[in-house]
Amino acid sequence: MAEGAAAVLKRWIGFSVFLALVALAVGAMLLRQEISDHLAGMNYEMSPRVSDLADDLELTETGRRIFIATHPTVDGSQHFNEQCADVDHSEQGHVLGCYTADRIHLFDVTDDRVSEVVEITAAHELLHAAFHRLGEGDRSLLASRLREVYDELAPTDATLAERMSVYEHLPDAAFANELHSVLGTEVRELPQWLEDHYAQWFTNRSALIDDFETYVTVFNDLQARVDALQAEMADLRADVERRSSAYGETVEAFNEDATDYASRLERDGYRDDPEQQQRDAAALQQRRAEIDSELAQLQADIDRYNALRDELETLGKVSAELDEHLDSDLAPITTRPNE
């Protein structure tokens with residue numbers, strides 16, 4: 001009896017050990033990516049630039065672990081283009097970052113007016129890395145829910161619709177991947193479940209949106225001023241051209257009347273009516289003053305037009321300058337990557 005109980009106990013112990021090993025194996029499978037990220041991060045030493053960027057993103061422990069595991073680089077040279085050579089430029093315009101082969105590469109934009117874009121791009125690429133780390137089933141479910149959010153927002157958010165239009169040709173999974181990054185870094189008001197989802201990686205997503213809006217405002221304000229200048233210049237030019245034409249006719253009529261007046265004086269035509277001569281002279285003088293006044297106003301408006309044109313040219317240079325800072329194709333070859 002005692003031996004039988006011992007055998008049962010032994011079997012239960014063996015079964016318990018088996019269950020523990022199974023649980024350990026299952027846990028290890030579930031934590032495999034986390035363990036892998038920890039190991040990858042151990043082999044990476046952040047530069048001061050990357051370290052500051054990681055702090056600025058205000059990441060959670062999970063977000064920071066993934067970010068470091070991707071060995072992010074911030075590079076202002078042509079080396080960045082080599083790292084992101086597989087990115088389709090036609091889809092994103094200027095390529096400012098990429099997530100490829102589980103690595104994040106960022107273009108170093110140093111102009112203070114648009115430097116926030118580095119942080120925004122880093123967050124965008126981090127969300128690609130996070131999306132990649134989800135299980136297939138989780139990605140599929142998330143893709144469906146993201147599409148529902150997009151379909152609800154797009155009809156009243158033209159900016160978002162235009163932003164995502166370049167990805168419409170992608171397969172559903174790839175579109176969802178891009179949408180996941182765009183919503184997380186560029187859209188302020190989101191459903192609570194999605195806010196909770198992004199809270200896995202960011203402790204202060206609203207600050208990230210603030211940076212995005214600051215960055216976008218630079219270009220929006222620039223474009224708004226350009227549009228206003230062009231509209232004002234078009235109206236002013238049409239007005240000046242109309243008034244110039246009328247001014248020419250007025251001057252021509254005045255010259256004819258002045259010639260007639262001078263001819264009459266020369267013929268002594270006012271001998272019998274000196275008061276009429278005074279009235280005609282006064283009228284011509286008044287007309288001449290009005291003509292001079294109109295000419296001065298026309299010249300002032302022409303000067304105004306030229307000033308607006310100069311401002312428009314300056315804004316064009318500013319736009320080109322900003323574009324140059326965002327164009328990695330123009331990056332120097334000699335700069336060493338900041339890795």
Side-chain angles (χ1 to χ4, degrees), residues 93-94 109-117 155-163 165 210 212-327 329-330:
H94 292 320
V109 178
T110 57
D111 190 300
D112 290 340
R113 292 169 294 182
V114 290
S115 59
E116 293 92 351
V117 74
T156 57
D157 190 339
T159 300
L160 175 62
E162 182 180 1
R163 177 77 167 88
S165 64
D210 289 341
F212 172 74
E213 291 178 350
T214 298
Y215 165 73
V216 171
T217 296
V218 172
F219 296 96
N220 288 346
D221 288 352
L222 186 64
Q223 187 60 53
R225 182 55 183 159
V226 167
D227 293 342
L229 282 173
Q230 290 177 333
E232 184 176 356
M233 288 173 67
D235 290 343
L236 187 56
R237 178 171 181 170
D239 182 58
V240 167
E241 289 178 346
R242 176 186 58 77
R243 287 161 52 207
S244 293
S245 178
Y247 173 81
E249 294 174 359
T250 300
V251 169
E252 184 177 352
F254 172 82
N255 288 337
E256 290 177 358
D257 292 343
T259 299
D260 290 343
Y261 172 78
S263 177
R264 185 173 179 180
L265 275 179
E266 187 176 346
R267 298 192 312 270
D268 199 16
Y270 289 107
R271 182 179 55 185
D272 297 331
D273 194 355
E275 292 182 358
Q276 183 61 45
Q277 185 269 328
Q278 292 178 357
R279 287 193 295 271
D280 288 349
L284 285 173
Q285 187 176 8
Q286 176 64 30
R287 289 170 64 185
R288 178 59 184 266
E290 292 173 354
I291 288 173
D292 289 344
S293 175
E294 177 61 13
L295 179 60
Q297 292 177 28
L298 279 171
Q299 188 58 55
D301 285 341
I302 290 171
D303 292 342
R304 169 64 177 163
Y305 181 89
N306 290 334
L308 294 175
R309 183 187 59 194
D310 290 343
E311 183 180 354
L312 186 62
E313 290 178 354
T314 298
L315 291 179
K317 292 177 182 178
V318 171
S319 179
E321 186 178 287
L322 290 174
D323 188 70
E324 180 177 339
H325 281 289
L326 297 172
D327 190 352
D329 289 338
L330 302 178

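In this chain, numbering begins with 1 at the start of the sequence shown. Hydrogens, waters and symmetry mates play no part in the numbers below; they use all other heavy atoms, side chains included. This structure is a prediction, so every number in the text was calculated from the model and none was measured.
Here the closest non-hydrogen pair linking Phe219 and Leu326 is CZ-CD1, 3.5 Å.
No close placement of the Tyr261 and Phe254 rings is indicated, their centers lying 6.0 Å or farther apart.
Using a distance-only test at 3.5 Å, with no hydrogens or angles considered, a donor-acceptor pair links the side chain of Thr314 to the main chain of Asp310. Under a 3.5 Å cut-off, the side chain of Ser319 and the backbone N or O of Leu315 do not form any donor-acceptor pair. Here the side chain of Ser165 pairs a donor or acceptor atom with the backbone of Glu162 at under 3.5 angstrom.
The aromatic rings of Tyr215 and Phe212 are tilted relative to each other, their planes meeting at an angle between 30° and 60°.
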Step by step, work out the side chain to side chain donor-acceptor pair (under 3.5 Å) result for Gln297 and Asp301.
-> CA-CA 6 Å; Gln297 292 177 28; Asp301 285 341; over 6 Å; no
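Heavy-atom neighbours of Glu213 CD from other residues, nucleotides or ligands within 6.0 Å: above the threshold of 12. Annotation: Arg237, atom CZ; neighbour count of heavy atoms from other residues, nucleotides and ligands within 6.0 Å does not exceed 12. Residue Glu266 qualifies as open at atom CD: its count of foreign heavy atoms under 6.0 Å is 12 or below.
Here the CG atom belonging to Leu298 is positioned 11.5 Å from the CD atom belonging to Glu241, to the nearest 0.5 angstrom. Here the CZ-CD distance, from Arg243 to Glu294, works out to 4.5 Å after rounding to the nearest 0.5 Å. Note that CG of Leu312 and CD of Gln230 are 5.5 Å apart. Values are rounded to the nearest 0.5 Å. Thr250 OG1 to Asn255 CG: the interatomic distance, rounded to the nearest 0.5 Å, is 10.5 Å. Between the CG atom in Leu229 and the CD atom in Glu311 there is a gap of 4.5 Å [rounded to 0.5 Å]. Atom CG of residue Leu222 and atom OG1 of residue Thr217 lie 12.0 Å apart, to the nearest 0.5 angstrom.
You'll find the side chain of Arg264 reaches within 4.5 Å of the side chain of Asp280, heavy atoms only. Side-chain contact between Asp303 and Gln299 is present, with heavy atoms from C-beta onward closer than 4.5 Å. With a 4.5 Å cut-off on side-chain heavy atoms, His94 and Asp323 count as touching. Contact annotation: the side chain of Val318 approaches that of Leu322 to within less than 4.5 Å [non-hydrogen atoms, C-beta and beyond].
Using modelled atom types and a 3.5 Å distance limit, the side chains of Gln277 and Asp273 yield no donor-acceptor pair. Between the side chains of Arg279 and Gln276, a donor-acceptor pair is found at a separation under 3.5 Å. In the model, Arg267 has a side-chain atom that pairs as donor or acceptor with a side-chain atom of Ser263 under 3.5 Å.
Using a cutoff of 4.0 Å between basic side-chain nitrogens and carboxylate oxygens, Asp239 and Arg242 are scored as salt-bridged. Residues Glu321 and Lys317 are not paired through a salt bridge, judged by the lack of any N-O separation under 4.0 Å between the basic side chain and the carboxylate. The existence of a salt bridge linking Asp292 and Arg288 is confirmed by a sub-4.0 Å separation between a basic side-chain nitrogen and an acidic carboxylate oxygen.
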